[in-house]
Number of protein chains: 2
Amino acid sequence: MVTRILVVDDEPQILRAMRINLRARDYEVDVAADGGTALRAAAAKPPDLVVLDLGLPDMEGADVIRGLRGWTTVPIIVLSGRVDSADKVAALDAGADDYVTKPFGVDELLARIRAVTRRMGTTSDATPVVKVGPYTVDLSARTVEPPDGNAEVRLTPTEWHLLEILLRNPGKLVSQRQLLQDVWGPQYQTETNYLRQYMAQLRRKLEADPGHPRHLLTEPGMGYRFQP
Amino acid sequence: MVTRILVVDDEPQILRAMRINLRARDYEVDVAADGGTALRAAAAKPPDLVVLDLGLPDMEGADVIRGLRGWTTVPIIVLSGRVDSADKVAALDAGADDYVTKPFGVDELLARIRAVTRRMGTTSDATPVVKVGPYTVDLSARTVEPPDGNAEVRLTPTEWHLLEILLRNPGKLVSQRQLLQDVWGPQYQTETNYLRQYMAQLRRKLEADPGHPRHLLTEPGMGYRFQP
DNA sequence: ATAACGCGTAGCGATAGTGTCAAGATCGGC
DNA sequence: GCCGATCTTGACACTATCGCTACGCGTTAT
């Protein structure tokens with residue numbers, strides 16, 4: 001199987017060099033010169049890996065990452081000229097998997113690509129559609145199919161994010177800390193009231209009896225669990 | 001759930017600093033000063049993440065990585081003073097997940113730890129399950145699978161904590177002191193009534209005949225033992 | 001034999017954790 | 001610049017869990 005890489009950079013000569021180097025290693029390469037194009041390209045042809053240069057003309061790097069992370073878990077390797085530690089932390093916490101500072105050796109980047117894709121290979125999730133009680137949830141399409149007669153269900157971005165984490169770990173307990181960190185960021189690890197708020201909303205929308213949930217369960221003092 | 005990190009470095013003051021910094025973020029920290037110790041420590045108490053400094057006194061860094069990769073897919077973050085590209089490629093291709101060059105900011109390392117564990121949380125499906133009599137206990141998913149017909153079993157956080165320590169030492173005696181210290185803290189080392197209390201609850205929930213336990217055994221005057 | 005000790009069991013108030021409601025703050029589209 | 005949707009933030013009652021005390025019983029030591 002061929003690995004498809006989306007390279008995002010605003011300098012044409014770097015795009016050219018990357019394309020040549022990656023093609024030579026038998027990767028399939030798509031390119032984009034700005035954040036908007038990158039997001040559209042990723043949506044049209046979901047890549048297996050994104051190499052993202054910061055300092056794009058149209059968008060903040062962290063926003064591009066968040067735009068991708070809203071609907072996909074594709075690995076993201078960030079390139080940047082900035083050595084500032086705060087930039088790295090921001091990008092990594094936004095959802096990037098690796099951060100490489102320029103100038104970097106081509107062989108190092110290739111090694112990091114191998115490292116990320118190696119772990120990817122064992123993670124073939126491929127469960128984008130899950131049944132939550134009577135509803136059919138499609139994680140990749142972001143749709144909730146109601147049973148005949150029931151009203152349509154719409155979820156907000158935050159609700160999707162939270163639900164996705166739970167649904168990707170069916171039957172398993174997900175700690176409050178991990179949920180808060182993944183949805184709101186590392187500095188919100190103790191704001192459990194957010195979880196209570198949004199879990200209640202999810203239950204109101206997806207559970208037959210929100211007061212006695214059967215699939216979105218609370219484990220007091222520990223976290224939450226999706227029970228298929 | 002607490003993330004356990006194994007830090008491997010030959011400089012004591014770095015070990016100390018790492019331990020303090022990571023503990024402050026609520027990670028559980030084990031340390032090792034050389035490659036051999038690290039491999040043994042990882043085998044005895046499998047960590048959720050390894051932070052590995054290259055340039056150890058007894059082994060090549062790549063050999064330590066390969067020694068771990070032989071039997072575990074635990075994420076490995078490599079620290080190194082070398083900026084040589086070839087070193088990075090060697091470490092990454094040996095199986096490391098990330099490579100950070102010294103000097104590095106503490107916050108950057110913490111962000112990379114978060115990035116690696118975040119991905120880990122959604123991918124690790126190799127869950128260690130233990131059979132306690134008729135029940136199947138999954139420590140990472142925090143589930144107790146009852147045999148057909150039996151009622152579901154729910155454990156409280158304290159019960160899980162206590163059970164986890166016993167199950168991680170199958171067949172071995174765990175002293176009352178160690179149990180009390182790990183679950184309730186160092187100042188509770190003599191409050192053996194807590195142990196009696198919670199061991200009784202565990203037996204009530206997991207043993208067929210709580211009065212005559214077959215797996216959660218008492219060693220009078222010493223401690224408790226989980227008998228598989 | 002009897003006292004001392006350790007263990008299992010029961011019960012109780014205090015409290016941390018949770019569900020819920022409600023209102024302010026922010027954002028984006030028309 | 002207004003309006004609706006979404007995200008924050010605060011407050012409060014309720015419940016399960018926890019920390020703790022007390023008691024009965026078997027075993028061991030004196």
Side-chain angles (χ1 to χ4, degrees), chain A residues 36 59-60 62-63 66-67 70 142 144 152-163 166 173-177 179-180 182-185 187-225, chain B residues 1 142 152-163 166 173-177 179-225:
Chain A
M59 294 174 67
E60 271 299 312
D63 290 331
R66 273 187 284 270
R142 287 281 136 108
V144 179
E152 200 177 320
V153 173
R154 284 199 57 248
L155 301 181
T156 71
T158 310
E159 288 165 2
W160 271 115
H161 202 164
L162 184 58
L163 182 65
L166 291 170
L173 172 75
V174 186
S175 70
Q176 319 185 46
R177 171 159 309 201
L179 290 169
L180 287 165
D182 281 8
V183 177
W184 283 274
Q187 62 270 41
Y188 288 81
Q189 291 189 42
T190 57
E191 303 283 340
T192 59
N193 46 332
Y194 292 3
L195 283 181
R196 302 205 300 276
Q197 172 73 13
Y198 279 90
M199 285 304 298
Q201 290 181 22
L202 284 177
R203 295 208 256 242
R204 243 173 266 143
K205 294 181 177 180
L206 296 175
E207 290 276 1
D209 181 359
H212 302 82
R214 304 196 45 190
H215 303 99
L216 302 172
L217 307 181
T218 302
E219 298 286 345
M222 303 192 295
Y224 292 87
R225 178 199 312 277
Chain B
M1 176 202 148
R142 287 279 131 101
E152 205 174 315
V153 174
R154 283 199 56 247
L155 303 181
T156 70
T158 314
E159 288 164 3
W160 272 114
H161 200 163
L162 183 58
L163 181 65
L166 291 170
L173 170 71
V174 187
S175 71
Q176 314 185 42
R177 171 159 309 206
L179 289 170
L180 286 164
Q181 175 165 329
D182 282 6
V183 177
W184 284 273
Q187 63 269 41
Y188 288 81
Q189 290 189 23
T190 57
E191 303 281 345
T192 59
N193 46 331
Y194 294 178
L195 281 182
R196 301 203 298 276
Q197 168 79 9
Y198 279 91
M199 285 305 298
Q201 290 183 22
L202 283 178
R203 294 206 257 243
R204 240 173 271 144
K205 293 181 178 179
L206 296 176
E207 290 277 2
D209 181 0
H212 302 82
R214 304 193 45 190
H215 303 98
L216 302 172
L217 308 180
T218 302
E219 299 286 343
M222 309 180 63
Y224 292 87
R225 176 201 312 277

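Letters A, B, ... are given to chains in the order of the sequence lines, protein chains preceding strands, and every chain is numbered from 1.
Between the CD atom of B:Gln189 and the CG atom of B:Asp182 there is a distance of 9.5 Å, given to the nearest 0.5 Å. Here CG of B:Leu163 is found 11.0 Å from NZ of B:Lys205. Values are rounded to the nearest 0.5 Å. How far CZ of B:Arg142 is from CG of B:Leu155: 9.0 Å, rounded to the nearest 0.5 Å. Taking CZ of A:Arg177 as the start and CG of A:Leu179 as the end, the distance is 12.0 Å to the nearest 0.5 Å.
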Please evaluate residues B:Glu191 and B:Trp184 with respect to the criterion side chain to side chain contact (heavy atoms under 4.5 Å, CB included), reporting the C-alpha separation (whole Å), side-chain torsions for both, the decisive distance (0.1 Å), and the verdict.
CA-CA 9 Å; B:Glu191 303 281 345; B:Trp184 284 273; over 6 Å; no
Assess the residue pair A:Val183 and A:Leu195 against the criterion (side chain to side chain contact (heavy atoms under 4.5 Å, CB included)); give the C-alpha distance rounded to whole Å, side-chain angles, the decisive distance to 0.1 Å, and a yes or no.
CA-CA 10 Å; A:Val183 177; A:Leu195 283 181; over 6 Å; no
Side chain to side chain contact (heavy atoms under 4.5 Å, CB included), that's the test. Do B:Arg203 and B:Thr218 meet it? Break it down for me.
CA-CA 11 Å; B:Arg203 294 206 257 243; B:Thr218 302; 3.1 Å; yes
Check step by step if side chain to side chain contact (heavy atoms under 4.5 Å, CB included) holds for B:Arg154 and A:Glu219.
CA-CA 9 Å; B:Arg154 283 199 56 247; A:Glu219 298 286 345; 3.9 Å; yes
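Between A:Leu216 and A:Glu207 the shortest heavy-atom distance is N-OE2, 2.9 Å. Residues A:Thr190 and A:Leu180 share a closest heavy-atom pair of N-CD1, 4.1 Å. Heavy atoms only, all atoms of each residue included: B:Pro157 and A:Met222 are closest at CG-CG, 3.8 Å.
One can place CG of A:Leu162 at 11 Å from P of D:dC7, the figure rounded to the nearest angstrom. The NZ-C1' distance, from A:Lys205 to D:dA5, rounds to 10 Å in whole Å. For the pair B:Gln201 CD and C:dG11 C1', the interatomic distance rounds to 13 Å; values are reported in whole Å. We find that CH2 of A:Trp160 is positioned 13 Å from P of D:dC7, with the value rounded to whole Å. Going from atom CG of A:Leu155 over to atom P of D:dC7 covers 10 Å, rounded to whole Å.
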Each nucleotide N or O in nucleotides 25-29 of chain C that has a protein N or O under 3.5 Å away: list the pair and distance.
none

Quick test: give all pairs of protein nitrogen or oxygen and nucleotides 5-9 of chain C nitrogen or oxygen below 3.5 Å, distance rounded to 0.1 Å.
unit_1	atom_1	unit_2	atom_2	d
C:dC7	OP1	B:Gly221	N	2.6
C:dG8	OP1	B:Arg203	NH2	2.4
C:dG8	OP1	B:Thr218	OG1	2.8
C:dG8	OP2	B:Tyr224	OH	3.1
C:dG8	N7	B:Arg196	NE	2.8
C:dG8	O6	B:Arg196	NH2	3.3

Do any N or O atoms of the protein come closer than 3.5 Å to N or O atoms of nucleotides 24-30 of chain D, and which pairs are they?
none

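Recorded end-axis angle for the helix from C:dA1-D:dT30 to C:dG29-D:dC2 stands at 30°, based on five pairs per end and rounded to 10 degrees.
By the 4.5 Å heavy-atom criterion applied to side chains, A:Glu159 and A:Leu206 are not counted as neighbours.
Dashed line: the shortest gap from a side-chain N or O of B:Thr158 to OP1 or OP2 of D:dC18 is under 4.0 Å. OP1 or OP2 of D:dT8 lies within a sub-4.0 Å distance of a side-chain N or O belonging to A:Trp184. A close approach under 4.0 Å does occur between a side-chain nitrogen or oxygen of B:Tyr198 and OP1 or OP2 of D:dC18. Residue A:Arg154 places none of its side-chain N or O atoms closer than 4.0 Å to OP1 or OP2 of D:dG4.
Residues passing the ring pair (Phe, Tyr, Trp, His ring centres under 6.0 Å) test with A:Tyr224: none are found, sequence neighbours excluded. Judged as a side chain to side chain donor-acceptor pair (under 3.5 Å), and not counting sequence neighbours, B:Arg214 has no contacts.
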